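Being a predicted model, the structure only gives us computed values, none of them experimental.
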Amino acid sequence: MEEPILNASQQQAVTSTEGFIRVIAGAGSGKTRALSHRFAYLVNDYGILPGNILCVTFTNKAANEMRQRIHNLTGDNDTGYINTFHGFCVSVLQEDSFAVQYPKSFLVLDNSDIDDMLKIIYEERGLTLRDMTFANARDMFEIQKLFKKPEYYLDLVNLSLDALREKYLNAVGTNDILFYGYLYQQKKCFGLDYNDLIKFTLYIFREHEDIRLKWQKRLEYIMIDEFQDIDALQYELMEVLCGYHKNLFIVGDPDQTIYSWRGANVKYLLDFDRQFAGTKTILMNENYRSTPEILAVCNSMIAKNRNRIKKDLIAMLPHGASVLCHHAKNAEQEAKWVADEIAALHESGVAYRDMTLLYRAHYLTRQVEEVFLKAKLPYTIYSGVQFFARMEIKDALCYLRMIAYADDLSFRRVVNTPKRNMGNRRMKFLEEYAEQNRCTLYTALKRNLDSEVMKGTKAAQFVKLIDRFAASVAGRPVSEVLSAILDESGYEAMMRTEGSQERLDNLAELKQSVYEYETTCGEEVTLEHYLKHIALFTNSDAAEPGDKVKLMTVHAAKGLEFPYVFLIGMNEGVFPSRKVRTLAGMEEERRLAFVAMTRAQKRLYLTEAEGRNLDNTPRYPSRFLLDIDPALLEHTAPPQDGLIRDAQTYIRNTERYLPDSEDALRFRVGDRVNHVLIGAGTVIDVDTEHDAYVVRFDSLPTPRTISFRVKMTKEGT
């Protein structure tokens, strides 16, 4: 069925111009069309100048697409302020940065810029990654700026460069050294990070009424897309900007709030009518994307969430194929079934590019990639690298190759990973020696361990490590060798220091794949045998350009749509993630599953497998599958009653211990708490790795480690 230019609800949204207007727009309901037509209606029919309209999107890509649509509708090269919040703040600061003594040519800093600054600070003050990882330092800056030291911008604005450097040099404690060092580096280059853009804009509006009023008067109409993803600072900026004309139009879907981990709060959308009196609410639920069969499944699952505006997506397309659910005995069988279905679809005339695999986390692609490569199915990974091309996987395999072959390519990759003080000067020396003496770089290193140039390095330890493993590898399982080399080389310790949990998960998945290969190969697997086998998976042939199956995370798929969607790994501990700690977090996971399922246009496939998760918990079918009315699903085989009962028991037991929100988890060291059975005590540590508090109870002689799952209350509450 062809979508009309504008349906009734879209037309109402377009022509409702004055006051506070909230549009609840379901997935696939044409909200982008409504937004762009509304902009064009204001310009073409009302005669509003584009430069007096602000349209906020949440990605630069979406902003570019919106500009193009509006240009096509208005024919005007001036498309006003169509931008992200941060992009709009850059416009404000380029015009008015003099108010904070910043030049118009200020630098907007990204994470790599911040890391470059951190390298300078660490070297100047003798800090190492043991003091704090770069990722944790960036997180700390954000917390300090947003919550703990919101007056930081006064230092950036009012202090001279010399005064700020003095503050940095006099700082004690890692946090203060890094924070004031970062402010000093910012001031040196007139740099502002993403948080600064909004904070500085708000500061200017607070301190300079004339500038605030200028912008308020200029922006006669304000429209905000993806309002469910708005955070506190963006909300505050929005309130300021609409304070004069009071024409604010917001569009969002509370069922697609999936970014609470970066500050989004669904209550801003749900409670909008309470905050802004006289709000007009318009529902856009007609879905032009998916078949009735897909939408029925999506509606059935999301209805289990409590914190939402009750609504159902209304299918506007004719009936299609059923939603197909497959249970596999293990992850490899799950991947094989998906590969077979894709091959059959392609045989029937469906292009590879029209098929997409979605998953909760990147590590799930390992098994899929192995199967796809064997089956010669072309694929491409969005928002990630192919499993065997990922940095940590290549590093791990190169350590194995060093043991087996000690080749130059592997040597270059791992000799200084982790750091062994083998920098460019020493590598150049080894290269020259190897060339002159016609030997490998590893042989060159072994022959020159006692030379002056190798003093101050850990070259000898590296050689000893590789030689020891090479001498003892015969007869050892490859999985055992891999685990040992990653441990004894310090590689995994380096990953933990950097806070790279996703990389550690990928390494765990690699170890599992080696073990599975050993147990299924049917013959003794030598290290050389495994490396030859794995080489086949690291050199996949390119398929015809553009015609490839897409693989991506659900987060990466937000806002996109695909004819055929395979949602894999629908297991407890995978989707929902094992990291969910609250009922609110579980509702967000369900919204994430809803986003995944509503990407499908023609057919949706849901798959899950038995086995064990990375934390060794058994894999049960996801509660999100059990949320769906069974009559709406077609199964490739009847669900096993025992497995479903076990899954339901597991889900009931885990949900019992989930607190409503993060607030229930936020005990700090020193807090006095009450345990319903043990009594009063003091929190002496928070063990985030094991999701537990260490509590010294008044009634017990030694501390106890208490799981987050057990509810405790603050003393006096």
Side-chain angles (χ1 to χ4, degrees), residues 20 51-56 80-81 83-110 113-114 117 140-168 171 176 179-222 224 230-248 263 265 268 275-276:
F20 298 104
N52 295 128
I53 303 172
L54 168 64
C55 182
V56 177
Y81 296 99
N83 221 320
T84 62
F85 273 112
H86 293 99
F88 171 72
C89 288
V90 169
S91 297
V92 174
L93 291 168
Q94 282 176 330
E95 192 169 315
D96 294 309
S97 60
F98 69 88
V100 285
Q101 290 86 57
Y102 263 56
K104 290 182 186 289
S105 58
F106 64 87
L107 183 66
V108 179
L109 304 172
D110 61 17
D113 296 320
I114 297 170
M117 292 176 172
M140 182 268 290
F141 295 158
E142 185 167 1
I143 291 167
Q144 297 278 61
K145 287 185 172 189
L146 296 181
F147 306 112
K148 293 190 175 179
K149 294 181 178 175
E151 72 285 354
Y152 78 91
Y153 50 80
L154 295 176
D155 286 344
L156 271 179
V157 170
N158 297 324
L159 291 182
S160 69
L161 191 61
D162 288 342
L164 198 52
R165 177 169 174 77
E166 191 70 21
K167 198 163 187 173
Y168 155 54
D176 278 355
F179 184 65
Y180 288 110
Y182 175 48
L183 294 190
Y184 169 64
Q185 292 295 331
Q186 278 192 273
K187 183 87 172 185
K188 275 176 72 176
C189 66
F190 289 109
L192 298 175
D193 61 33
Y194 279 13
N195 291 311
D196 296 328
L197 295 174
I198 296 183
K199 292 284 282 187
F200 271 57
T201 300
L202 285 168
Y203 174 67
I204 290 172
F205 287 163
R206 269 197 306 273
E207 299 296 316
H208 300 271
E209 185 180 356
D210 57 329
I211 297 176
R212 180 181 75 245
L213 198 55
K214 175 185 72 174
W215 284 96
Q216 286 176 329
K217 286 183 175 180
R218 183 183 300 178
L219 303 176
E220 296 173 1
Y221 293 90
I222 298 171
I224 302 177
I230 201 168
D231 65 27
L233 270 183
Q234 293 162 347
Y235 189 87
E236 184 182 349
L237 180 61
M238 172 206 77
E239 284 187 297
V240 173
L241 292 174
C242 73
Y244 184 80
H245 294 291
K246 303 189 188 304
N247 288 327
L248 178 61
N265 191 334
Y268 292 137
Q275 296 300 315
F276 297 94

Minimum heavy-atom distance between [X] and [Y], given as atom pair plus value:
{"X": "Gly87", "Y": "Thr84", "answer": "N-OG1, 2.9 Å"}
{"X": "Leu233", "Y": "Leu202", "answer": "CD2-CD1, 3.7 Å"}
{"X": "Asp196", "Y": "Gly191", "answer": "OD2-O, 4.5 Å"}
{"X": "Leu183", "Y": "Lys145", "answer": "CD2-CE, 4.1 Å"}

Heavy-atom distance under 4.5 Å between the side chains of [X] and [Y], does that happen here?
{"X": "Tyr168", "Y": "Leu164", "answer": "no"}
{"X": "Arg212", "Y": "Ile204", "answer": "no"}
{"X": "Gln234", "Y": "His86", "answer": "yes"}
{"X": "Cys55", "Y": "Ile224", "answer": "no"}
{"X": "Phe200", "Y": "Phe205", "answer": "no"}
{"X": "Leu161", "Y": "Arg165", "answer": "no"}
{"X": "Leu54", "Y": "Leu241", "answer": "yes"}
{"X": "Leu219", "Y": "Ile53", "answer": "no"}

Is it true that a side-chain atom of Asn247 and a backbone atom of Glu220 form a donor plus acceptor pair closer than 3.5 Å?
-> yes

Under 3.5 Å, side chain of His245 to main-chain N/O of Tyr221, donor-acceptor pair present?
-> no

Nearest 0.5 Å, what's the CG-CD1 distance between Leu93 and Ile198?
-> 10.5 Å

Spacing of SG belonging to Cys242 relative to CG belonging to Leu248, to within rounding of 0.5 Å = 5.0 Å

May I ask you to say whether Arg218 pairs ionically with Glu95, meaning some side-chain N is under 4.0 Å from a carboxylate O?
-> yes

Lys/Arg N to Asp/Glu carboxylate O, Asp96 vs Lys214, below 4.0 Å | yes

Partner set under ring-ring contact (aromatic ring centres under 6.0 Å, His included) for Phe85, not counting sequence neighbours | none

More than 12 heavy atoms from other groups under 6.0 Å of CD on Gln101 | yes

Do other residues, nucleotides or ligands put more than 12 heavy atoms under 6.0 Å from Tyr244 OH?
-> no

Check the pair Trp215, Phe88 against side chain to side chain contact (heavy atoms under 4.5 Å, CB included), reporting the backbone distance first and the verdict last.
-> CA-CA 11 Å; Trp215 284 96; Phe88 171 72; 3.8 Å; yes

Glu239: salt bridge (Lys or Arg N to Asp or Glu O under 4.0 Å) partners, not counting sequence neighbours | none

Just jot down the side chain to side chain contact (heavy atoms under 4.5 Å, CB included) partners of Glu166, sequence neighbours excluded, or say none.
-> Asn170

For a ring pair (Phe, Tyr, Trp, His ring centres under 6.0 Å) with Phe141, tell me which candidate from Tyr182, Tyr194, Tyr180 qualifies.
-> Tyr182

Side chain to side chain contact (heavy atoms under 4.5 Å, CB included) partner of Asp155, chosen from Lys167, Lys187, Gln186 | Lys167

When the ring planes of Tyr268 and Tyr235 are compared, do they come out parallel, tilted or perpendicular, using 30° and 60° as the limits?
-> parallel

Show your reasoning for whether side chain to side chain contact (heavy atoms under 4.5 Å, CB included) applies to Asp231 and Asn265.
-> CA-CA 6 Å; Asp231 65 27; Asn265 191 334; over 6 Å; no

Check against side chain to side chain contact (heavy atoms under 4.5 Å, CB included), Phe98 and Ile211 | CA-CA 11 Å; Phe98 69 88; Ile211 297 176; 4.1 Å; yes

